[in-house]
*Asks:* 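My questions all concern the structure below.
We count ligands from 1, going down the list as the structure has it; atoms in each ligand are counted the same way.
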Amino acid sequence: MTTPETLSCWLSNTKLFPELDFDRFNMRIATDRYTSAAFQQHERDAIWTRVWQVVGRVDELPETGDWKEYRLFDQSYVIVRGADGVLRGFVNSCRHRGNKLCEGKGQARKFTCPYHLWSYGLDGRLLSVARPDLVGPLDKAEHGLLQVPVDSFAGFIFLNPDPDAAPLADCLGPEVVELLAPYRLDEMTPVGLNVRESLDCNWKVVIDAFSEGYHIVGVHPELLKVIVLEAGKNRFGFFGDHGVACAPFEVNVAGFGPEQQVEGIRELPVTFPSVAEVLPRFEQLVAAHRSADGALQFPDGVTARTLLQQATRDTLTAKGLDVSALSDDQMSDNQGWFLFPNFFMTIRAGEATVIMSTPHPDGDPNRCVWQVTSYIWLPEALRSQLRAPLVEVEQPGSFPYFLALQQDYEQMPRQQKGLRNQALTHLSLAREEVCIARFHGVVDRYLAGPA
Ligand code: FES
């Protein structure tokens, strides 16, 4: 068993980017996989109806009878918390003549189909039928709702449409579970940003966009001050279908002295809003290095980065979050986690931002639905008070994302427009985009079918 201390340092010790064996990856990606209806149909059958996927948060359904619908292409499922506290998933179809049982989300003691009033318990059992005299002999035990596997990890609800799916824990693998455990994601709450809207791009364009840092040079030039994009410092780790990447977070303009480094940290909340709560402690730590005449000088081993790490550790500890199993790097560096097929998350101590994209229910491969949610660790007493409700954006372009996200939001549909040009047959990936190659390799493996 690996110790937490070793796990927290794992990414700091894994392979550096230049050490990867790039011959393992196909760096040419065919463009029709972003635009072809036939390709998307293949994905539907070989991936989406067979894999574990995030469908919500456990704390969305806290009480007995709380339920929500999950739509996938033309498929619909309902997830409900039973009287025994267990979350279950069912195909959202009445077993009489197939009527859809429910839409959206709600609270129920049982599900009653509005067509002919057959009723089902929260555990899916058929409880009663209207006018049994008109129905005739019926084995109720054989007419319960069709169940699909549902499980949870790190506070997220996962559903697999395949009733014969292997357990979620097998799909995630032990490394993913152990490496993410110290962050205590299950205790985090959506705060500030919790948005879902349709985007005019294929779902994989979103995954690709958040799988590489190379586009920072063109789309987010302001981030170059705080994210180290040197090949010799970036690290990657791959676990089964999933993976993690990390570029160190550091005020990083050559020749910056202490004052300029500190100023760089002060500007961070524009892009990373949650840094704001750490700044008061950061300023205290900085002040300790000023001489009587106000000059700022850092001793060897101290930089604005190390003071930010200390300020983050102190601030989170004072809030009540035990960060003893997290390394100093995890206080400052965003790790970019990807869980196949569509879950991307940047995470550092005390906070995470999750971006998911799913194929659009209308089946158009040029569209998808994305959901972006920022999570912050809060003491339990504050969680329900500060929880951000999900905002469904109806008018494209009307939601004010923070700067970096707005830049990505505008970029992705632009890429889809270019991908639709038929003369462009393939993409040529840069080595820094190796996570994209890895993702598409996993897609291809599913499309090829069981070995
Ligand atoms: Fe549901 Fe008839 S279809 S009761």
*Asks:* Can you confirm whether more than 12 heavy atoms, excluding those of Y115, are under 6.0 Å from its OH atom?
*Replies:* no
*Asks:* Enumerate the side-chain hydrogen bond (donor to acceptor under 3.5 Å, both in side chains) contacts for residues 199-219, please, sequence neighbours excluded, ordered by first and then second residue.
*Replies:* Y34-D208, E43-W203, E43-K204, N202-K204, D208-H440, E212-H215, H215-H220, H215-D408
*Asks:* Step through the shown structure and confirm whether more than 12 heavy atoms of other residues, nucleotides or ligands are within 6.0 Å of NZ on K110.
*Replies:* no
*Asks:* Measure the acute angle between the ring planes of F158 and F156, then classify it against the limits of 30° and 60° as parallel, tilted or perpendicular.
*Replies:* perpendicular
*Asks:* Less than 4.0 Å between a side-chain N and a carboxylate O, is that true for E187 and R184?
*Replies:* yes
*Asks:* Quick one: does NZ or CZ of R383 land under 6.0 Å from the six-membered ring centre of W377, within 45 degrees of the ring axis?
*Replies:* yes
*Asks:* Write down, by chain and number, every protein residue that brings a non-hydrogen atom to less than 4.0 Å from an atom of ligand 1.
*Replies:* C94, H96, R97, N99, C113, Y115, H116, L117, W118
